[in-house]
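These values consider heavy atoms only, across backbone and side chains, with no hydrogens, waters or symmetry-generated copies. When a ligand or atom number is given, it counts from 1 through the structure's own listing order.
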Amino acid sequence: MQHADPQSKPSLSQTPFDIPIRRDLRWDFSEVPADFVKGGNPLISYLWAAMSAGATPIESFFIKALLPTLETIKDDDKLLKDVRDMVAQEALHSSVHNKLNKRLESQGYNIKAVQENFGKVLGKMTDGLDSVGMLGVVAAGEHSLYSFAKIWFQCPEMRHDMHEQAARVFHWHFLEEAEHGAVSHDQYRYFAHNNYWHRLKTTFRARYVFSMLTDAMDIMAEGFGYKPTLKDRFGLFYYKWFKPGLFRLMAFRMMEYLSPRYALTFEHDDIELMRQWSKEVYADQPSA
Ligand SMILES: [Fe+2]
Ligand SMILES: [Fe+2]
């Protein structure tokens, strides 16, 4: 019988499973229209298009920020494996969103202008930070994506109101954001330990996530030559803050991250749910 080495330190990983990398998924965006979110309010389609446009530069930024410290993780093989698997997931997210973005571009979306703006804001967000500071921003950013994931699964109407080919990407992407939801926070804690002040400062840097999305919608509208009506603006405000209340729920979840004792735990039910979402993504696989 083998005994655990009493000297070995417990892993900082909070993820009780191996993070899956789904390289066998196939995608088809050939039917995604410009107004891919039902309801007649173009601003809501622009909001989701902005999320897809932003995925490419943001995932690349995350990967760049995670790599410099990655190979210096010693004596924690589980954490090292989690980070490597998370990076592999993020690289796939970037490339699949890139395909959806090309389709959106063909439908009139000014994806490039939005991505340029995302790039500028990311530069401002991380200006002057060292590698651990960058990890802090990524951990907060990842928490916001983890929050989006929870909200997506909590409010199925968001998925049902979206064209199924686009909804499948978000369903898969948010599933994987939930799966690796703890990883960058674990990596960050490995280097910054439990320095709460550092966490507050770096989280404050990540506040631009909200304004990036709002700017993106204006850029999209301008690209279409569309002047949003008061009704559109009110509808978007309602969507963000009331029903489903995307930004309200986000703000609430960001507060959780600011708790000094913040930790992410996976219950048996969470793992079962993720298994179910994964099955749904495979069930909608287009034929080869
Ligand atoms: Fe991602
Ligand atoms: Fe992520």
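Relative to the ring axis of Tyr196, Arg199 does not place its NZ or CZ within 45° and under 6.0 Å from the centre.
Aromatic ring orientation, Trp172 versus Trp27: tilted (interplanar angle from 30° to 60°).
When distances from the Fe ion (ligand 1) to the N, O or S atoms of Glu59 are compared, OE2 comes out shortest. Nearest N, O or S atom of His93 to the Fe ion (ligand 1): atom ND1. Looking at Glu177 and the Fe ion (ligand 1) together, the shortest N, O or S contact belongs to OE2.
Nearest heavy atoms, Trp48 versus Phe170: O-CZ, 3.5 Å.
Annotation: Tyr282, atom OH; neighbour count of heavy atoms from other residues, nucleotides and ligands within 6.0 Å is above 12.
At distances below 3.5 Å, not a single donor-acceptor pair connects side-chain atoms of Arg253 with backbone N or O atoms of Ser144.
Geometry at the Fe ion (ligand 1): NE2/His173 and OE1/Glu90 form an angle of 170°, nearest 10 degrees.
For residue His180, no N/O/S atom approaches the Fe ion (ligand 1) to within less than 2.8 Å. The Fe ion (ligand 2) lies under 2.8 Å from an N, O or S atom belonging to Glu142.
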